[in-house]
Amino acid sequence: MRKNAVLYAMCAVLSLALAGVALADNHAVKLSEKAGVGKYFTDAKGMTLYIFKKDSPGKSACAGPCVGKWPLYHRGTVSVPEGVNALDFGTITREDGMQQTTYKGSPLYYYAGDKAPGDVLGHAVGNVWFVVNP
């Protein structure tokens with residue numbers, strides 16, 4: 001009976017540890033590379049992150065219908081790939097009250113047209129939207 005209790009306790013601890021790893025990975029910014037765009041950041045699932053050249057440091061210029069096409073990226077904290085400075089990431093509170101993760105002061109976005117990990121269909125749209133190069 002005691003062996004079963006110890007075994008169950010060990011399984012519970014292992015489950016919690018694995019859940020923590022999965023949660024940490026959910027907050028990971030990853031580095032990908034593709035011909036034509038070079039190295040760029042993605043979220044933990046491989047979805048491309050973008051910057052908007054009309055934004056100013058710490059302030060988003062994308063509001064209203066723009067956010068429908070360019071959804072906000074936000075994680076309270078992010079883990080970063082080796083060689084990337086975690087201090088380059090931050091959070092802003094937008095005028096609409098939403099929070100958004102930044103990289104070197106630039107707010108980060110997804111592109112609604114990207115449907116699969118590795119898609120970079122938003123790169124160079126209107127010559128103002130670009131993948132985030134480290």
Side-chain angles (χ1 to χ4, degrees):
M1 184 77 157
R2 181 173 159 89
K3 281 185 180 179
N4 285 344
V6 170
L7 182 60
Y8 289 134
M10 288 173 55
C11 287
V13 169
L14 181 58
S15 294
L16 288 173
L18 290 174
V21 168
L23 181 59
D25 191 51
N26 184 43
H27 294 274
V29 170
K30 297 188 176 187
L31 198 55
S32 291
E33 188 169 2
K34 187 171 272 194
V37 296
K39 291 183 180 183
Y40 62 97
F41 288 133
T42 70
D43 71 2
K45 295 177 182 176
M47 298 305 291
T48 303
L49 298 175
Y50 295 90
I51 57 171
F52 184 35
K53 291 294 183 179
K54 293 184 178 182
D55 287 344
S56 54
K59 185 170 170 68
S60 173
C62 179
C66 177
V67 175
K69 196 169 191 175
W70 299 94
L72 313 178
Y73 172 75
H74 178 257
R75 300 291 182 273
T77 59
V78 296
S79 61
V80 299
E82 188 174 324
V84 174
N85 186 351
L87 296 176
D88 286 338
F89 289 86
T91 300
I92 60 168
T93 300
R94 300 162 41 89
E95 289 182 11
D96 59 11
M98 300 293 292
Q99 291 193 317
Q100 189 170 9
T101 300
T102 61
Y103 176 67
K104 294 185 176 180
S106 295
L108 300 177
Y109 304 85
Y110 293 108
Y111 177 53
D114 287 348
K115 301 300 182 195
D119 283 354
V120 291
L121 301 174
H123 183 65
V125 167
N127 205 31
V128 293
W129 291 96
F130 296 95
V131 298
V132 183
N133 300 111

Is the backbone N or O of L121 less than 3.5 Å from a side-chain atom of D119, with the two atoms forming a donor-acceptor pair by type? no

Any heavy-atom pair between the side chains of [Y] and [X] that's under 4.5 Å?
X   : Y    : answer
V84 : F89  : yes
H74 : T101 : yes
R94 : L72  : yes
E33 : Y40  : no
M47 : P117 : yes
I51 : L108 : yes

Answer yes or no: does atom NZ of K53 have more than 12 heavy-atom neighbours from other residues, nucleotides or ligands under 6.0 Å? no

Does E95 CD have over 12 foreign heavy atoms under 6.0 Å away? no

Under the side chain to side chain contact (heavy atoms under 4.5 Å, CB included) rule, what do F52 and V128 come out as? Steps first, then yes or no, please. CA-CA 6 Å; F52 184 35; V128 293; 3.6 Å; yes

Restricting to non-hydrogen atoms, name the atom on [X] and the atom on [Y] that form the minimum distance, rounded to 0.1 Å.
X    : Y    : answer
Y50  : H123 : CE2-N, 3.4 Å
S60  : C62  : OG-N, 3.1 Å
D114 : T48  : OD2-CB, 3.8 Å
A28  : S79  : CA-OG, 3.3 Å
K54  : A61  : O-CB, 3.5 Å
G68  : A112 : O-CB, 3.8 Å

With ILVMFWY side chains joined below 4.5 Å, transitively, what does I92's cluster contain besides itself? none

Cluster question for you: counting only ILVMFWY and a side-chain heavy-atom cut-off of under 4.5 Å, with indirect links fine, are [X] and [Y] together?
X    : Y    : answer
Y109 : F41  : no
V67  : W129 : yes
Y111 : V120 : yes

Should the pair D43-K45 be classified as a salt bridge under the 4.0 Å nitrogen-to-oxygen rule? no

Does Y110 form a ring-ring contact (aromatic ring centres under 6.0 Å, His included) with W70? I'd like the steps, not just the answer. CA-CA 5 Å; Y110 293 108; W70 299 94; over 10 Å; no

Could you walk me through whether Y73 and Y103 satisfy the ring-ring contact (aromatic ring centres under 6.0 Å, His included) test, starting with their C-alpha distance in whole Å, then the side-chain angles of each, then the deciding distance to 0.1 Å, before giving a yes or no? CA-CA 11 Å; Y73 172 75; Y103 176 67; over 10 Å; no

Using the rule side chain to side chain contact (heavy atoms under 4.5 Å, CB included), only one of N85, L31, V29 pairs with P134; which is it? L31

